[in-house]
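Since the structure comes first, as structure tokens, the remarks are kept for the end.
Chain identifiers are assigned alphabetically (A, B, ...) following the order of the sequence lines, protein sequences preceding nucleic acid strands; residue numbering begins at 1 within each chain. Excluded from the calculations below are hydrogen atoms, water molecules and symmetry mates; all remaining heavy atoms, backbone and side chain alike, are included.
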There are 2 protein chains.
Amino acid sequence: MADDTRQRLIDAAGTIFAEKGYEAASVRDICTAAGANLAAVNYHFGGKRELYVTAVRHAQCCRQEDVPFPEYPADMPAANRLREFIGTMFERMLSTNRPRWHLEIMLRELARPTEACAAVVDDYIRPMADALRSILNDLLPENLSEEQRWMIGFSTVGQVLFYYVHQPIIRLLTQNPEGNSFPLPLLADHVTRFTLAAIGAGPPVVVQDAAFAGTRTEAES
Amino acid sequence: MADDTRQRLIDAAGTIFAEKGYEAASVRDICTAAGANLAAVNYHFGGKRELYVTAVRHAQCCRQEDVPFPEYPADMPAANRLREFIGTMFERMLSTNRPRWHLEIMLRELARPTEACAAVVDDYIRPMADALRSILNDLLPENLSEEQRWMIGFSTVGQVLFYYVHQPIIRLLTQNPEGNSFPLPLLADHVTRFTLAAIGAGPPVVVQDAAFAGTRTEAES
DNA sequence: AATCGTTTCATACAAACGTTTGAATCACAG
DNA sequence: CTGTGATTCAAACGTTTGTATGAAACGATT
């Protein structure tokens with residue numbers, strides 16, 4: 001029952017922290033939701049702050065196990081690995097069969113960093129960044145500056161993140177109260193093709209009915 | 001002096017709300033920062049909540065005036081207008097000569113909507129979305145689904161937003177404590193070329209030393 | 001059964017919160 | 001100068017916050 005209360009507290013805390021943020025979530029609400037006594041938080045974790053950090057750490061552990069990155073066959077083309085990567089990222093974010101708060105609490109941390117942010121980046125973000133950069137390295141020419149490699153990577157994950165972080169805006173803009181107007185595989189395909197085309201490793205996402213010579217900027221002509 | 005304290009309260013509130021969020025910001029801190037009495041908030045605005053909404057509305061008004069969208073010459077190529085649009089967006093976000101909290105408080109609102117969110121979308125976001133879609137319509141073939149047009153637009157602004165919303169991660173990842181490792185025009189150029197190339201309206205952001213035939217996915221071959 | 005360390009519980013505490021109040025102060029018209 | 005409405009002020013309001021405390025309940029070991 002001891003570890004059980006501990007775990008119930010982490011789950012309840014995660015849900016409420018993710019929903020309301022650190023300050024707005026009260027220890028009393030968390031304990032009530034967990035079916036635990038008010039003093040349990042201080043007994044098991046030492047305080048509200050430590051409970052929060054524990055919840056964040058727990059969330060990132062679970063997420064990594066929930067949707068692990070696939071092991072690619074050695075001969076898999078880089079473009080296909082990119083598709084897998086983006087698909088996995090979307091699944092991690094938008095899949096509804098896992099507790100929502102795991103991702104939510106981490107994104108809160110990334111947008112407004114607290115002390116737990118560095119840990120999230122090191123343990124969760126950096127491995128993803130490394131995986132992406134490894135894929136991109138196979139897709140990009142060797143004589144490319146580090147700066148440009150970063151920017152291309154950011155352009156890729158920026159697209160994916162947008163669909164999650166700014167879901168409220170998307171719904172308001174497209175006037176679709178439901179968010180599932182864009183099915184997951186459609187989004188993953190779009191971002192993959194968008195990115196591949198941008199770096200010259202695939203065809204454009206749309207077929208231009210006229211040559212683009214007329215619409216390109218002067219600077220590039 | 002009456003309207004003066006009112007304005008000082010809005011400014012102080014904006015700064016603190018943007019920095020700490022709604023719940024963590026206390027009316028006492030705001031009044032101290034504004035050099036006003038504790039009761040001033042309730043006298044001038046009716047309460048904390050109303051002050052917050054007022055600050056958000058004030059922020060979006062200022063932002064629109066600060067960095068207005070340029071008037072394009074009628075014959076300006078769509079690709080150049082896209083470059084202008086992206087450049088303006090970056091300036092609105094990353095330019096440091098304007099009070100930071102204007103944008104910050106709006107982005108908070110967009111990520112975690114409160115009652116003020118719909119107003120921000122209608123008055124600030126939708127005009128930007130319309131401007132972008134108008135540009136993209138000139139760049140895209142006519143026989144394209146609304147769904148795809150939205151996705152291409154989201155892929156564009158998603159890139160821009162990433163550099164602002166996730167600046168902390170960028171610094172941690174690239175190990176540059178300063179955020180100015182990516183100068184504004186460089187970012188704008190990159191996103192523009194990335195987007196143009198993706199939709200087949202410009203050359204890839206990098207020159208592929210080999211034909212991409214070997215790296216494209218099977219599905220597309 | 002007695003003892004021990006662990007966990008739960010009801011309760012209390014001081015601090016901070018948003019809000020209210022009524023008197024004091026101001027600017028200005030009569 | 002006097003009166004009046006708008007504004008500021010110090011003080012206090014009742015809640016809610018996170019945390020602390022000591023007694024009760026539990027489980028395992030002796």
Problem - Residue-phosphate contact under 4.0 Å: B:His44 side-chain N/O, D:dT8 OP1/OP2 - result: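 Yes.
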Problem - D:dT7 phosphate, OP1 or OP2, under 4.0 Å from B:Thr5 side-chain N/O - result: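 For B:Thr5, the contact criterion (side-chain N or O under 4.0 Å from OP1 or OP2 of D:dT7) is not met.
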With [X], which residues qualify under side chain to side chain donor-acceptor pair (under 3.5 Å), at least two apart?
| X | result |
| --- | --- |
| B:Arg126 | B:Asp122 |
| B:His190 | A:Ser155 |
| A:Asn37 | none |

Handout entry: Interface with DNA chain D, restricted to residues 52-59 of chain A and to heavy atoms under 4.0 Å
Key =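 Here the set is empty: none.
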Problem - Donor-acceptor contact below 3.5 Å, side chain B:Lys20 vs main chain B:Ser26 - result: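 Such a contact is absent between B:Lys20 side chain and B:Ser26 backbone.
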Which donor-acceptor pairs under 3.5 Å do side chains of residues 114-121 of chain B form with protein atoms, sequence neighbours excluded?
| unit_1 | atom_1 | unit_2 | atom_2 | d |
| --- | --- | --- | --- | --- |
| B:Thr114 | OG1 | B:Glu109 | OE1 | 3.1 |
| B:Thr114 | OG1 | B:Glu109 | OE2 | 2.6 |
| B:Thr114 | OG1 | B:Ala116 | N | 3.3 |
| B:Glu115 | OE2 | B:Arg49 | NE | 2.8 |

Handout entry: Listed partners of A:Ala40 passing side-chain contact (heavy atoms from CB on, under 4.5 Å), at least two apart
Key =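 So A:Ala40 forms a side-chain contact (heavy atoms from CB on, under 4.5 Å) with A:Leu9, A:Ala36, A:His44.
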Practice task
List for me each residue that meets side-chain contact (heavy atoms from CB on, under 4.5 Å) alongside A:Asp11, sequence neighbours excluded, and say none if there are none.
Solution key: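 side-chain contact (heavy atoms from CB on, under 4.5 Å) list for A:Asp11, sorted by chain: A:Gln7, A:His58, A:Trp101.
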Quick one: [X] [atom1] to [N] [atom2], roughly how many Å, whole number?
| X | N | atom1 | atom2 | result |
| --- | --- | --- | --- | --- |
| A:Asp4 | C:dT7 | CG | C1' | 12 Å |
| B:Phe45 | D:dT8 | CZ | P | 11 Å |
| A:Phe17 | D:dT17 | CZ | P | 13 Å |

Handout entry: Per-nucleotide protein contact string for nucleotides 9-22 of chain C (B base, S sugar-phosphate only, - none; heavy atom under 4.0 Å)
Key = BBBB----BBBBB-
Problem - Contact list for residues 110-134 of chain B, test ring-ring contact (aromatic ring centres under 6.0 Å, His included), sequence neighbours left out - result: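 Sorted result for residues 110-134 of chain B: empty, none.
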